[in-house]
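Here is the structure we will look at, set down as C-alpha cells.
In what follows, chains carry the letters A, B, and so on, assigned in the order in which the sequence lines appear, proteins first and then strands, with residues in each chain numbered from 1.
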Amino acid sequence: AAGVIQSPRHLIKEKRETATLKCYPIPRHDTVYWYQQGPGQDPQFLISFYEKMQSDKGSIPDRFSAQQFSDYHSELNMSSLELGDSALYFCASSLAGGREDYGYTFGSGTRLTVV
Amino acid sequence: AQSVAQPEDQVNVAEGNPLTVKCTYSVSGNPYLFWYVQYPNRGLQFLLKYITGDNLVKGSYGFEAEFNKSQTSFHLKKPSALVSDSALYFCAVRDGNSGNTPLVFGKGTRLSVIA
C-alpha cells in the first residue's frame, strides 16, 4: 500500500539559507500535518491543511510557511535557517472528520541539519 | 486543549517479562487515543488506537492498551517483552469532537528490554 512520501530524506543547509520540504500524502487523504521533532524531543505540531486550506496552526515560526497544492501534496518552506531548526520533520496524512481515524499515517521524515 | 503525560522517561524490563508504559491524558471533548513507536532514525509507526468500543484495544506486535475513563489513562502493555521491542514509545491524543484537530504527543518513554 502507498504510504506518505517525504523528500528529501536528508538535507544539510547553512545558517540563513532556505529549505523546502515536500510531502506526498496517501491517495484520497485530504488532510496533511507537519510536525517537528528536535533531538530527544517529542513531535511538535507545526501546521495542518485540509482541502488545500490551512486548518490549524501550532508552534510554527514566522520564518516558515507551508501550503497544500491541488494534488494534495504539501510543501514546508523554511527561510533564514537557524541552528535550532535542525530536527526531524514529519509529515502525516489522514482523512478528516474521523471518517477513517487510524490516527495519522506518518512519513519517514526529513532530517534537516543546519550548520 | 488537550495534553498527554508519560510519567516515565525510561522503562527497563527483562526479556520475557510483562511490560507497561504509562500514559494519562487530558482532553475537553471525546478522547481519541493512540500509541506510536519510533525506532532510531525512523518515522513514527502506528501501534494501536482507541476511538470507541471495548476498553481493551489490541494492536500490532502483541501490544495492547486499556482505556480507563475514570483515571484518564491509556497504558500500553505487552505480556512478554522482546529485545526487539526496545524503542521510543509515544502516546498521543486528539479531541474526537473537533474534526481534524492535530494529534498532541507525550514526551515519549524509552523502553529498554534486556536479554
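- With a 4.5 angstrom heavy-atom cutoff, B:Q6 does not touch chain A via any of its atoms.
- For a residue to count as touching a neighbouring chain, one of its non-hydrogen atoms must lie under 4.5 Å from one of that chain's; by this rule B:F90 touches chain A with the side chain only.
- For the pair B:D9 and B:R110, the salt-bridge criterion is not met [side-chain N within less than 4.0 Å of a carboxylate O].
- Contacts between A:Q37 and chain B at a heavy-atom distance below 4.5 Å involve the side chain alone, from C-beta outward.
- Between B:Y25 and B:F74, the ring centre distance reaches or exceeds 6.0 Å.
- Between A:D30 and A:K52, none of the side-chain N atoms (NZ, or NE/NH1/NH2) sits under 4.0 Å from a carboxylate O, so this pair counts as no salt bridge.
- Between B:Y50 and B:F67, a ring centre-to-centre spacing shorter than 6.0 Å is recorded.
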